[in-house]
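In what follows, chains are A, B, ... by sequence order, proteins preceding strands, each numbered from 1. What's counted below: heavy atoms across the whole structure, side chains too, no hydrogens, waters or symmetry copies.
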Amino acid sequence: MKITAIKGMSDVLPPDSFLWREIEERARKIFDTYGFEEIRTPIVEPTELFVRSVGETSAIVEKEMYTFEDKKGLSLTLRPEGTAPVVRAYIENAMHAKDPIAKLYYFGPMFRYEQPQKGRSRQFFQIGAELLGAESSLADAEMLILLHRLFQGFGILDVRFEINSLGCKTCRPKYLEAIHQFLKGKEKKFCDDCQKRSKKNPLRILDCKKEGCRALTETAPTIGDYWCEACAQHYREVRGLLLAGHVKFKENPRIVRGLDYYCRTAFEVLCDRLGAQNAVAAGGRFDGLVKDLGGPDVPGIGFAIGMERLVLLMEPGTRYQVPGTSIFFALLGNEAQQAALSIMEELRAKDHCVVSAYGGSLKSQMRRADKLGVQRVVILGENEMQKGIAIVKDMKEGTQKEILMGRLVEELG
RNA sequence: GUGGCUAUGGUGUAAAGGCAGCACGGGAGGUUGUGAUCCUCUUAGUACGGGUUCGAAUCCCGUUAGCCACCCCA
C-alpha cells in the first residue's frame, strides 16, 4: 500500500519552493519597514482557545477543526487561523506590559477540514499581521496600507480592496435586531441555505450569491444606518486616511466576517482570477478579543493573506532567485575525492555553491555539470593528482587550463 | 457535508471491446579521461477493489484522489 499525502494537503516542491521563499522574503522586508516583528506560535493549541475566540457557532468551530485528544485526554486543535494563537501568546507573555503597542507578523500553516478545491486546501499557509494596542483609525488605515504595499511588493496589481464597518458592541446588536425584524415572515422565501443561516448567522444572508435572495435583501437595512456616532466617526476617519494613503477601495456594506471576534473595520482583498475562492486576503478589527480571552482590554486589528492563492496569482512569470551551482567538482578516484573536500569547503566558506557528483564516469559527471548550468568545472583525476594540479574548465567558453592545487581557491575566487 | 467532471510511465498524451504506443524527462554508451546537438541502448504506466465478456485502459459498480461548484473562507 502506497503512502500518500492526506487529502487536501500538498507538497511544495522545487521550483515552487523558490517562489514561496521569494514571497516570504519580500513580505519580511516590507514588514520590517512598517516596524512589524515576527512571532512564531505553536501549530497546536487548546481547543478552547478557538471555541472562545472564533465562536462556538461559527462554521470553523462547528465542523472544520482538526481536534483530537492527547495522551492525557486534553482536547487539542490544529490551528484553523492565526489571530487567536497570537492573542493567546500576547496575553500569556504579558506583552502589553512591556509595550502598549505590539506589531506582529507570522507565516505558517493553518488547518481546516473542508472540501478541497481551487485555492482551498485543508492545510494552507497564511501570511498574517496583527497590530495590538491601538484603537485609532490610523491603525486601521496603516494595516490596509501595509496590505496594499505587500501586494505591490508581490507584483499583483489587479486586486481590489473592499471595506466595511461592522459596528461595535453597542451598535451591532441594534442592527442584528433590525435584520431579525426584516427577515421575520420572509424566511420561507429564501433558499435552503439562507433559511439555515437565518437562525444562526442572519448577516450571512446578505452575502448569499443566489439571485432570489439578493433580490429579497435589496431593501434590507444596512449596518451603516445603525452605527453609533463613535463607529461612524471611526469609519469616516479610516476612509479619509486611506484616500490620503493612496489606497483605492470600494465600500461594501455587505462584507460579513465568519469569525465572531471581528468588529468595526472589516476588509477583503479580492481578485477575479481566483475562481470561486476570490478572496486572497482579509481581516478586520477585533477590539474585544484580548479581553474575552482573559487579557487586558486591548484593541487589535489584523489581516491574513492566503499563500496558495497568492501563488496562484503570482505564478505566471514572477521572477525568483534560484541560487544555482557555480562550481562543479568532477572527481575521479578516491584520492581525488579526499583531496577535493577541503578545497570545496574553502570555496563554500566564500559563499560559492559547490557540488560534486557521487561517482560515475567523467562523461556522466560533465553531463551533470552541464545540466546544473554551472559556470566552471574542476576536473581532478589520477593524472592531475600526480602532477599536483587540477583542470579548471569554463563551461561557457569551452576553454580549460591547468591550475596548481595550492592556487585553486584563489583562482576560483 | 452535497452535486458534477476526471483518473494511462516522473510529465504531457495516443490507443472508440482485440499487440498499451509516442514525445519529453531519467540512466548508460557512441574507443584511451570532457558537457550542448545528433545516434544507439535502456528505464518506467492503464489509481485501487470487484463485476460483465472468449477477450477490458476502454463497459458497469464501489473505493480513493484530483478538479469544478455549492457551502465556507485566506
Next item on the list: Let me know the distance between CE of A/M366 and P of B/G35, rounded to the nearest Å.
Entry: 7 Å
Notebook entry, point to check: With rounding to whole Å, what would you report as the distance between B/A36 and B/G30 at their C1' atoms?
Noted result: 15 Å
Note to self: What I want to find out is whether A/E308 reaches A/R120 closely enough, with some N-O distance under 4.0 Å, to be called a salt bridge.
What the structure shows: no
Check: NA contact type, A/E64, heavy-atom cut-off 4.0 Å: base, sugar-phosphate, or nothing?
Finding: sugar-phosphate
Check: Using 4.0 Å as the upper bound for N to carboxylate O, is an ion pair formed by A/R160 and A/E268?
Finding: no
Check: Could a donor-acceptor pair under 3.5 angstrom be found where the side chain of A/E384 meets the base of B/G33?
Finding: yes
Next item on the list: Spell out, as yes or no, whether a donor-acceptor pair under 3.5 Å connects the side chain of A/Q375 to the backbone of A/I327.
Entry: no
Margin query: If you go through the side-chain atoms of A/R257, does one of them form a donor-acceptor pair with the base of B/C73 closer than 3.5 Å?
Written below: no
Next item on the list: Hey, which sits more toward the 5' end of RNA chain B by its nearest nucleotide, A/S58 or A/M9?
Entry: A/M9
Checklist line | Nearest-angstrom distance from the residue atom CD of A/Q277 to P of B/C73 | finding: 11 Å
Next item on the list: Rounded to whole angstrom, note down the P distance from B/A28 over to B/A65.
Entry: 38 Å
Margin query: Measuring from the side chain of A/K118 (C-beta onward, heavy atoms only), which nucleotide among B/G33, B/A69, B/C72 has the closest atom?
Written below: B/A69
Checklist line | Same-atom distance (C1') from B/A20 to B/U58, integer angstrom | finding: 12 Å
Check: Given atom CD of A/Q115 and atom C1' of B/C70, what is their separation to the nearest angstrom?
Finding: 11 Å
Margin query: Considering every strand and a 4.0 Å limit on heavy-atom distances, what is the contact class for A/G398: base, sugar-phosphate, or nothing?
Written below: base
Next item on the list: Kindly indicate whether the side chain of A/R120 and the base of B/C71 share any N or O donor-acceptor pair separated by less than 3.5 Å?
Entry: yes
Item checked: Atom CD of A/E382 with >12 non-hydrogen neighbours under 6.0 angstrom -> no
Check: Nearest-Å distance, CD (A/E114) to P (B/G66)?
Finding: 14 Å
Item checked: N-O pairing of A/R112 and A/E81 below 4.0 Å -> no
Next item on the list: Could you tell me whether A/E402 and A/K387 make a salt bridge, using a distance below 4.0 angstrom between a side-chain N and a carboxylate O?
Entry: yes
Check: Starting at CG of A/L372 and ending at C1' of B/A36, how long is that distance when rounded to a whole Å?
Finding: 14 Å
Note to self: Any base atoms under 4.0 Å from A/I60, or only sugar-phosphate, or nothing? Heavy atoms, all strands.
What the structure shows: nothing
Note to self: At 4.0 Å (heavy atoms only), tell me whether A/I391 reaches a base, stays on the sugar-phosphate, or touches nothing.
What the structure shows: base
Checklist line | Rounded distance (Å) that lies between atom C1' of B/C73 and atom CD of A/Q123 | finding: 17 Å
Item checked: Side chain of A/A282 (C-beta onward), nearest among B/U2, B/A74, B/C67 -> B/A74
Note to self: Just the rounded figure in Å: distance from C1' of B/U64 to CZ of A/R122.
What the structure shows: 12 Å
Check: Base, sugar-phosphate, or nothing: which does A/G128 touch, judged by heavy atoms less than 4.0 Å apart?
Finding: nothing
Check: Is the cationic atom of A/R88 (NZ for Lys, CZ for Arg) positioned less than 6.0 Å from the six-membered ring centroid of A/Y90 and within 45 degrees of its normal?
Finding: no
Next item on the list: Please check the phosphate of B/G26 (OP1 and OP2 only) for any side-chain N or O of A/K371 closer than 4.0 Å.
Entry: yes
Notebook entry, point to check: So what does A/S121 touch, heavy atoms closer than 4.0 Å: a base, only the sugar-phosphate, or nothing?
Noted result: base
Note to self: Which nucleotide wins on minimum distance to the side chain of A/Q126, given the candidates B/A74, B/G35, B/G1?
What the structure shows: B/A74
Check: Considering only B/C72, B/G33, B/G29, which nucleotide approaches the side chain of A/K363 most closely?
Finding: B/G29
Notebook entry, point to check: What nucleotide, of B/A69, B/G35, B/C72, holds the atom closest to the side chain of A/K393?
Noted result: B/G35
Check: Which part of the nucleic acid, if any, lies within reach of A/T4 when heavy atoms closer than 4.0 Å are counted: base, sugar-phosphate only, or nothing?
Finding: nothing
Next item on the list: Check every atom of B/A74, B/G66, B/G33 against the side chain of A/K7 and return the nucleotide holding the closest atom.
Entry: B/G66
Next item on the list: Mind checking A/G8 for me? I need base, sugar-phosphate or nothing, with any heavy atom below 4.0 Å counting as a touch.
Entry: sugar-phosphate
Checklist line | C1' gap between B/U63 and B/C70, integer Å | finding: 24 Å
Check: Ignoring hydrogens and angles, does a donor from either the side chain of A/Q365 or the base of B/U34 sit under 3.5 Å from an acceptor on the other?
Finding: no
Check: Nearest of B/G29, B/A74, B/G27 to any side-chain atom of A/R309?
Finding: B/A74
Next item on the list: Using whole Å, report how far CG of A/L362 lies from P of B/G29.
Entry: 11 Å
Check: Whom does B/G62 pair with, Watson-Crick or G-U wobble, provided both distances fall under 3.5 Å?
Finding: B/C48
Next item on the list: Indicate yes or no: at least one non-hydrogen side-chain atom of A/F161 is less than 4.5 angstrom from one of A/L270.
Entry: no
Notebook entry, point to check: How do A/Y113 and A/Q117 order along RNA chain B: which one's closest nucleotide is nearer the 5' end?
Noted result: A/Y113
Margin query: From C-beta outward on A/Y262, which listed nucleotide comes closest to its side chain: B/G33, B/C71, B/A74?
Written below: B/A74
Item checked: Distance between P atoms of B/A14 and B/A7 (Å, rounded) -> 10 Å
Check: What pair of heavy atoms forms the shortest contact from A/R79 to A/P109, and how long is it?
Finding: NE-O, 2.7 Å
Check: Is the distance from OP1 or OP2 of B/G33 to the nearest side-chain N or O of A/S361 less than 4.0 Å?
Finding: no
Check: Touch check for A/R368, heavy atoms < 4.0 angstrom, all strands: base, sugar-phosphate only, or nothing?
Finding: nothing
Next item on the list: Ignoring the backbone of A/R367, work out which of B/G33, B/C71, B/G29 is nearest its side chain.
Entry: B/G29
Next item on the list: For B/A69, give its Watson-Crick or G-U wobble partner with both distances under 3.5 Å, or none.
Entry: B/U2
